[in-house]
2 protein chains.
Amino acid sequence: MQLHEEIGPRATTISAIAERAGVQRLTVYRHFPDETAVFQACTRHWLEQHPPPHPTDWAGLEPGPARTRAALSAFYRYYRLTERMWAASHRDESAVPALQGPMAEFRAHLRRIGDNLIAGFGASTDTRLAATLHHALAFTTWASLNTQGLDDGAMADLALVWVTALLPPSDTPRPAEADTATHRE
Amino acid sequence: MQLHEEIGPRATTISAIAERAGVQRLTVYRHFPDETAVFQACTRHWLEQHPPPHPTDWAGLEPGPARTRAALSAFYRYYRLTERMWAASHRDESAVPALQGPMAEFRAHLRRIGDNLIAGFGASTDTRLAATLHHALAFTTWASLNTQGLDDGAMADLALVWVTALLPPSDTPRPAEADTATHRE
DNA sequence: CATTCATTGAACATACATGTTCGTTCAACT
DNA sequence: AGTTGAACGAACATGTATGTTCAATGAATG
């Protein structure tokens with residue numbers, strides 16, 4: 001796991017794993033039949049130790065902006081904590097087949113969460129709203145904004161501005177009580 | 001260049017280049033002292049054949065939204081045309097030293113263009129406006145929005161919505177004539 | 001105490017990569 | 001016609017990686 005983080009799954013060799021573990025190369029082969037098995041085990045174990053944010057974390061909040069901001073903030077914090085591993089995984093995904101399954105699964109998880117948040121805004125399904133929110137939730141977006149020096153809170157606020165700019169103009173941006181028609185779109 | 005596009009600079013070997021060129025491996029070594037020289041020559045040649053958008057392309061347009069949309073659109077079209085190469089370069093940058101110089105140069109180019117566009121909006125330098133525009137110009141942003149099925153025009157429009165949402169609320173986004181309050185947004 | 005089993009050290013075969021060296025062929029230019 | 005030089009074919013040395021095989025060690029288990 002250290003090596004996957006430091007040099008990426010692609011460059012991580014069995015020899016390096018054995019060396020890092022202070023163990024003979026053969027010993028690694030005794031525990032894992034081949035490289036693929038090592039990577040699968042590593043991925044599973046790492047995900048158990050670093051579970052991504054889950055909808056229950058923000059279930060208590062009002063649907064719409066509040067809940068969306070909480071989700072964005074949670075993912076951005078998660079990305080910061082796990083930055084190196086995600087950068088390496090993202091980079092090496094195409095070259096390491098054992099990575100593609102878990103990565104696809106994570107993306108599906110992200111997509112479900114995004115769809116749920118979008119449903120929380122009253123507005124009927126808008127392509128641009130969905131695209132913006134899904135984009136905001138992506139690791140690459142966090143990484144891009146991070147290189148510009150924004151902290152996680154500022155990034156969440158900023159992404160929320162993007163999202164709310166896509167909402168119908170005469171809506172109620174505050175805690176929904178008066179349900180003035182969410183007409184037009 | 002074909003191989004750099006298809007499998008990426010990192011996986012491109014001299015053997016493969018020779019084979020693809022229908023030539024002996026030794027012949028490649030006659031033209032280029034080593035792998036680094038091949039990659040440098042390849043990068044330079046490719047950039048000559050695929051020059052990125054340049055400010056003169058949109059110099060005729062009004063500063064502000066119009067010019068920004070033209071720039072975004074130009075880069076998005078460029079990214080679509082050169083998608084595979086940029087994806088591969090982005091992915092392999094950390095592993096191929098010969099790539100890091102040109103990539104840094106391109107990023108600097110992008111940054112200059114972004115700063116110029118921002119200056120075109122009257123607004124005093126706003127961190128969030130700058131972050132949004134620089135983010136919108138990045139290849140990773142194009143790639144992210146592209147996976148969601150948006151075409152280049154829709155992407156440029158969408159990014160422009162993000163940017164204009166960051167402008168001071170009671171500003172005059174149009175050539176100032178009718179200043180009926182364009183409130184909120 | 002005896003057995004078991006993970007670990008060790010040292011090989012091995014295979015594959016592929018980078019550069020280099022050598023003598024040969026073959027086309028073009030002077 | 002003769003010289004030049006690019007391309008060829010076949011090696012070489014070196015490094016690194018994946019897996020496998022074999023005998024020896026050594027500690028924990030029964």
Side-chain angles (χ1 to χ4, degrees), chain A residues 1-49 84-104, chain B residues 1-49 84-104:
Chain A
M1 271 166 37
Q2 285 173 15
L3 288 165
H4 278 213
E5 240 186 277
E6 293 170 20
I7 60 176
R10 171 168 195 166
T12 297
T13 67
I14 302 256
S15 310
I17 292 172
E19 195 179 345
R20 178 67 62 101
V23 118
Q24 214 70 5
R25 196 166 57 95
L26 194 74
T27 305
V28 179
Y29 279 108
R30 188 182 309 285
H31 291 276
F32 305 96
D34 56 17
E35 214 179 15
T36 308
V38 183
F39 286 4
Q40 278 174 351
C42 175
T43 302
R44 191 164 355 131
H45 188 217
W46 188 88
L47 277 175
E48 273 170 25
Q49 289 192 352
R84 303 185 70 184
M85 187 59 100
W86 280 107
S89 301
H90 190 83
R91 159 164 52 79
D92 293 353
E93 181 184 358
S94 63
V96 180
L99 226 59
Q100 293 165 6
M103 288 292 276
Chain B
M1 272 165 37
Q2 285 173 15
L3 287 166
H4 278 213
E5 240 186 273
E6 292 170 20
I7 60 176
R10 171 167 195 165
T12 297
T13 66
I14 303 254
S15 310
I17 291 172
E19 195 178 344
R20 178 67 63 102
V23 119
Q24 214 71 4
R25 196 167 59 93
L26 193 73
T27 305
V28 179
Y29 279 108
R30 189 182 309 283
H31 291 275
F32 305 97
D34 54 17
E35 214 179 14
T36 307
V38 183
F39 285 4
Q40 278 174 351
C42 175
T43 302
R44 191 166 354 131
H45 189 218
W46 188 87
L47 277 174
E48 273 170 27
Q49 288 193 353
R84 301 186 71 184
M85 187 58 101
W86 281 107
S89 300
H90 191 84
R91 159 164 51 80
D92 294 353
E93 180 184 359
S94 63
V96 180
L99 227 60
Q100 292 165 7
M103 289 292 276

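Order of the sequence lines sets the chain letters (A, B, ...), proteins ahead of strands, with each chain counted from 1.
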Taking C-beta and beyond as the side chain, do A:E48 and A:R44 meet within less than 4.5 Å on heavy atoms?
yes
Please produce a list of atom pairs where a protein N or O lies less than 3.5 Å from an N or O of nucleotides 25-27 of chain D.
none

Could you report the tightest heavy-atom contact between B:G8 and B:A88, atom names first, then the distance?
CA-CB, 3.8 Å
Shortest non-hydrogen contact from B:S89 toward B:L99
O-CD2, 3.5 Å
Looking at residues 34-43 of chain A, who's got a heavy atom less than 4.0 Å off DNA chain C?
none
B/S/- along nucleotides 5-15 of chain D (protein heavy atoms under 4.0 Å) is -SBBB-B----
Can you measure A:Y29 atom OH to C:dA11 atom P for me and round it to whole angstrom units?
19 Å
Please list all pairs passing the ring pair (Phe, Tyr, Trp, His ring centres under 6.0 Å) test where one or both residues lie in residues 11-31 of chain B, with sequence neighbours left out.
none
side-chain hydrogen bond (donor to acceptor under 3.5 Å, both in side chains) contacts touching residues 14-23 of chain A (sequence neighbours left out):
A:Q2-A:R20, A:E6-A:R20
I would like to know whether A:M103 and A:W86 meet side chain to side chain contact (heavy atoms under 4.5 Å, CB included); could you show each step before the answer?
CA-CA 10 Å; A:M103 288 292 276; A:W86 280 107; 3.6 Å; yes
Looking at every non-hydrogen atom in both residues, tell me the closest pair between A:T12 and A:H4 and how far apart they are.
OG1-CD2, 3.5 Å
For atom CD1 of A:I17 and atom C1' of D:dA17, their distance in whole Å
13 Å
B:R10 meets the side chain to side chain contact (heavy atoms under 4.5 Å, CB included) criterion, sequence neighbours left out, with A:R10, A:A11, B:D92, B:A95, B:V96
With distance as the sole test, does A:T27 use its side chain to make a donor-acceptor pair with the main-chain N or O of A:V23 at under 3.5 Å?
no
Whole-Å distance, A:F32 CZ to D:dT18 P, equals 14 Å
Examine distances only and state if a side-chain atom of A:Q100 and a backbone atom of A:E93 form a donor-acceptor pair shorter than 3.5 Å.
yes
